[in-house]
Amino acid sequence: MSSASDYCPAYAPFLGFAGAGSAMILSAFGAAYGTAKAGVGISGIGQFRPDLMMKALIPVVMAGIIAVYGLVVAVLTANSLPPTNYSAFTGYVHLASGLATGFSGIAAGYAIGIVGDACVRGYMYQPKLFVGMVLILIFAEVLGLYGLIISLILNTKANNNCQ
């Protein structure tokens with residue numbers, strides 16, 4: 001028969017904190033890449049068509065939302081860490097939750113950056129591209145939202161049962 005310490009090892013809180021950290025850090029990397037890549041396109045169009053600058057900021061705003069997804073998961077994970085009796089199962093669930101959000105944030109930020117750069121530059125020459133750009137950016141943003149949804153589902157399965 002196993003004791004309670006087998007189900008609640010001393011390293012279990014590290015897994016939870018690693019999940020919270022990976023959600024925040026990886027999502028922030030994705031958002032930073034998307035912002036930087038789309039920002040290069042925006043600076044390119046600003047020289048020739050400054051009248052289009054406000055509409056061209058949409059990819060940067062959408063990339064910033066990716067970091068908010070990571071922040072939400074990190075706060076939810078950190079708030080569910082009790083001072084004692086934190087099970088290994090819950091630690092692994094929180095780690096998986098953070099990694100799901102973090103990696104989907106990287107993918108979404110990468111997609112938003114590439115699409116934002118290309119579409120903003122194309123928008124300078126053909127304003128009809130704006131609606132298509134927004135649709136593609138929405139589909140890229142949904143990648144990060146899927147990671148957030150998976151993390152929320154995982155967090156509902158976490159229990160601190162040490163028995």
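Since we're looking at a predicted model, the values are computed, not measured.
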request  = State plainly whether one hydrophobic cluster holds both L148 and L95, where clusters connect Ile, Leu, Val, Met, Phe, Trp and Tyr through side-chain heavy atoms under 4.5 angstrom apart.
outcome  = no
message = Which heavy atom of T101 sits nearest to which heavy atom of A23, and what is that distance?
response = CB-CB, 4.3 Å
query = Do F139 and I65 share a hydrophobic cluster (ILVMFWY, side-chain heavy atoms under 4.5 Å, transitive)?
reply = no
message = Are more than 12 heavy atoms, taken from residues, nucleotides or ligands other than Y123, located less than 6.0 Å from that residue's OH atom?
response = yes
remark   = Closest non-hydrogen atoms of T90 and A158, given as atom of the first, atom of the second and distance, are CG2-CB, 3.8 Å
Interatomic distance, L76 atom CG to H94 atom NE2 [nearest 0.5 angstrom] = 8.5 Å
query = Would you say T77's side chain and A74's backbone share a donor-acceptor pair under 3.5 angstrom?
reply = no
request  = State yes or no: do I106 and I25 share one hydrophobic cluster built from I, L, V, M, F, W and Y residues joined by side-chain heavy-atom distances below 4.5 Å, directly or via other members?
outcome  = yes
request  = Determine whether M54 and I58 fall in the same hydrophobic cluster, where Ile, Leu, Val, Met, Phe, Trp and Tyr are linked whenever their side-chain heavy atoms lie under 4.5 Å apart.
outcome  = yes
query = When hydrophobic residues are tied together by side-chain contacts of less than 4.5 Å, even through go-betweens, does I114 share a cluster with L26?
reply = no
query = Can you list the other members of the hydrophobic cluster that holds F89, where links are side-chain heavy atoms under 4.5 angstrom apart?
reply = V93, I150, L154
query = What heavy-atom pair brings V120 and P59 nearest, and what distance separates the two atoms?
reply = CG2-CG, 4.0 Å
ask   = Closest heavy-atom contact between I66 and E141?
value = CD1-OE2, 3.6 Å
query = Where do P82 and Y86 come nearest, in terms of heavy atoms and distance?
reply = CD-CD1, 3.4 Å
query = OH of Y146: more than 12 outside heavy atoms within 6.0 angstrom?
reply = no
message = Determine whether L143 and F103 satisfy the following criterion, side chain to side chain contact (heavy atoms under 4.5 Å, CB included), listing intermediate values before the conclusion.
response = CA-CA 10 Å; L143 292 173; F103 285 132; over 6 Å; no
query = For A67, does its backbone N or O pair with a side-chain atom of S27 as donor and acceptor, under 3.5 Å?
reply = no
Between OG on residue S151 and OH on residue Y69, distance to nearest 0.5 Å = 12.0 Å
task = State which residues pass side chain to side chain donor-acceptor pair (under 3.5 Å) with S22; sequence neighbours excluded, sorted by chain then number.
result = none
List, one per line, each side-chain donor-acceptor pair under 3.5 Å for residues 36-49, sequence neighbours excluded.
{"residue": "S43", "atom": "OG", "partner": "G39", "partner atom": "O", "Å": "3.3"}
{"residue": "S43", "atom": "OG", "partner": "V40", "partner atom": "O", "Å": "2.8"}
{"residue": "R49", "atom": "NE", "partner": "D51", "partner atom": "OD1", "Å": "3.4"}
{"residue": "R49", "atom": "NH1", "partner": "M124", "partner atom": "O", "Å": "3.1"}
{"residue": "R49", "atom": "NH2", "partner": "D51", "partner atom": "OD2", "Å": "3.4"}

